[in-house]
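For clarity, every value in this text was computed on a predicted model and none was experimentally measured.
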Amino acid sequence: MPTPWGISTGIRPAKNARKMTEEGKTREEIIKILESEYLIEESKANLACDVAAKEREMLKTLPENGVSLYVGIPFCPSRCAYCSFISQATEHNKKYIEPYVEALLKEIEYSAAIVKRLGQRVDTLYFGGGTPTAIAPNLLEKIIVKIKECFDLSDMREFTVEAGRPDTFTEEMTQMLVRREVDRISINPQTMNDETLKRVKRGHTADDVRRAFYMAREAGIRSINADLIAGLPGETEEDVENSAKEILELEPEAVTVHTLYMKRAAELIGEFERLRFADNVRAMTEAAEKKIRGAGMEPYYMYKQRNTLGNLENISYAKKGHESFYNVYIMEEVQPIVALGAGGSTKMVRGADIKRVFNPKDAVDYVKRIDEVLKRKDIYADYYEK
């Protein structure tokens with residue numbers, strides 16, 4: 001079946017466009033090549049060029065000796081029906097959270113000494129998961145304080161914490177994030193349709209999303225991203241368009257539109273197989289894009305995954321000055337990323353030479369193997385000390 005991205009493979013559909021731009025080709029020449037050689041539809045070829053242009057603009061300020069930090073918090077308040085991430089529900093795994101935090105503090109201290117010895121400077125800091133805000137505010141604060149004690153953050157230009165589940169975003173959590181100088185968060189509705197939220201076991205309502213936004217705004221958080229998923233079971237093009245409209249009324253600085261994707265571990269995998277080539281998912285993403293671009297946001301970050309509905313992309317739009325540098329760095333593989341915590345993938349980058357070191361995915365396994373995790377960080381040190 002023909003797909004909008006033709007025979008283009010890999011998770012970085014804008015990479016070829018950026019490479020050809022750097023080789024001196026014009027936008028018109030690039031689009032022609034993408035259409036004729038990769039069989040990419042004209043609209044997607046233009047999208048790839050748009051994203052590539054924004055990436056090039058952002059990468060002009062790539063600092064020398066810069067490094068990004070990723071901190072994984074693999075806990076969520078509950079498991080959504082479409083989720084296949086390695087994460088533990090806090091309700092059933094409370095006894096593992098504090099030991100996990102203590103192990104993470106050890107990895108932070110060990111890694112910071114390496115980064116300092118290498119003369120690298122922290123450029124961006126990103127807390128992901130899971131849902132970092134699913135653990136107690138004092139525990140999350142303990143991790144942030146440890147990072148600030150161990151790493152030199154004087155050159156850091158971006159500090160992001162995913163607060164993906166709005167039901168975890170409390171007044172206490174909000175005040176702590178502001179006190180610790182978090183300037184970018186992600187509050188992820190996925191949909192503003194309460195019936196769909198129940199269907200996918202999301203654990204919150206559209207009103208919870210609004211409450212979280214208002215709380216973050218009142219506290220003074222500078223930049224908020226909101227995620228939307230196209231292709232959730234039972235939804236129509238009108239549902240997605242309405243969700244985009246309601247999200248934009250909250251005036252986020254960025255919106256990310258995902259196309260439904262699941263691995264075999266997801267509860268909804270059977271429904272996904274039935275919907276794999278759903279005709280209307282393309283209309284859903286296009287309706288969302290029209291709304292988002294109309295609100296003054298432009299695409300800057302894009303990736304593809306295998307087995308998405310309609311073989312479509314995931315794409316982030318942002319107002320100027322609110323793009324996430326971390327997102328671009330991790331996708332374009334232009335900067336080393338030191339990953340801390342369960343599920344982390346440390347990335348070593350030297351030009352076209354890229355190597356990775358992986359942490360255990362499971363939180364309990366991570367705690368048990370923390371001494372091994374620390375030794376793996378020596379691989380990172382050896383790579384840059386050669």
State whether a side-chain donor-acceptor pair under 3.5 Å links Thr256 with Asn225.
-> yes
What are the two closest non-hydrogen atoms of Ile187 and Pro189, and how far apart are they?
-> O-CD, 3.1 Å
Any salt bridge between Glu333 and Arg18, counting N to O under 4.0 Å?
-> no
Find out whether Asp167 and Pro77 are in side-chain contact, i.e. whether some heavy atom of one side chain is under 4.5 Å from a heavy atom of the other.
-> yes
Using the salt bridge (Lys or Arg N to Asp or Glu O under 4.0 Å) rule, pick out the option among Lys368, Arg369, Lys361 that qualifies with Asp365.
-> Arg369
Could you check if a side-chain atom of Asn314 sits within less than 4.5 angstrom of a side-chain atom of Lys304, using non-hydrogen atoms only?
-> no
Using the side-chain contact (heavy atoms from CB on, under 4.5 Å) rule, take Ile185 and Phe169 through it: C-alpha gap first, then chi angles, then the decisive distance, then the call.
-> CA-CA 11 Å; Ile185 65 171; Phe169 204 66; 3.6 Å; yes
Test side-chain hydrogen bond (donor to acceptor under 3.5 Å, both in side chains) applied to Glu107 and Arg376, Lys377, Lys146, the passing residue = Lys377
Please say whether more than 12 non-hydrogen atoms of neighbouring residues, nucleotides or ligands are located less than 6.0 Å from NZ in Lys319.
-> yes
Would you tell me whether Thr61 and Arg157 have side-chain atoms, one donor and one acceptor, within less than 3.5 Å of each other?
-> yes
Cut-off 3.5 Å, side chains only: do Tyr300 and Asn327 have a donor facing an acceptor?
-> yes
Looking at Arg199 and Gly234, what are the two nearest heavy atoms and their distance?
-> NH1-CA, 3.7 Å
Any chance CD of Glu109 has more than 12 other-residue heavy atoms, nucleotides or ligands included, within less than 6.0 Å?
-> no
Residue Tyr38 excluded, over 12 heavy atoms near OH under 6.0 Å = no
Which heavy atom of Asn193 sits nearest a heavy atom of Thr191, and at what distance?
-> N-OG1, 3.1 Å
Please check if the distance between the ring centroids of Phe75 and Tyr96 is under 6.0 Å.
-> no
Sequence neighbours excluded, which residues qualify as salt bridge (charged side-chain N to carboxylate O under 4.0 Å, His left out) partners of Asp382?
-> none
Do you know which two heavy atoms are closest between Ala48 and Ala17, and how far apart they sit?
-> O-CB, 3.9 Å
Is a donor on one side and an acceptor on the other found under 3.5 Å between the side chain of Asn188 and the backbone of Gln190?
-> no
Kindly write out the residues that satisfy side-chain contact (heavy atoms from CB on, under 4.5 Å) with Thr124, not counting sequence neighbours, or none if the list is empty.
-> Ser68, Glu158, Phe325, Tyr326, Tyr329
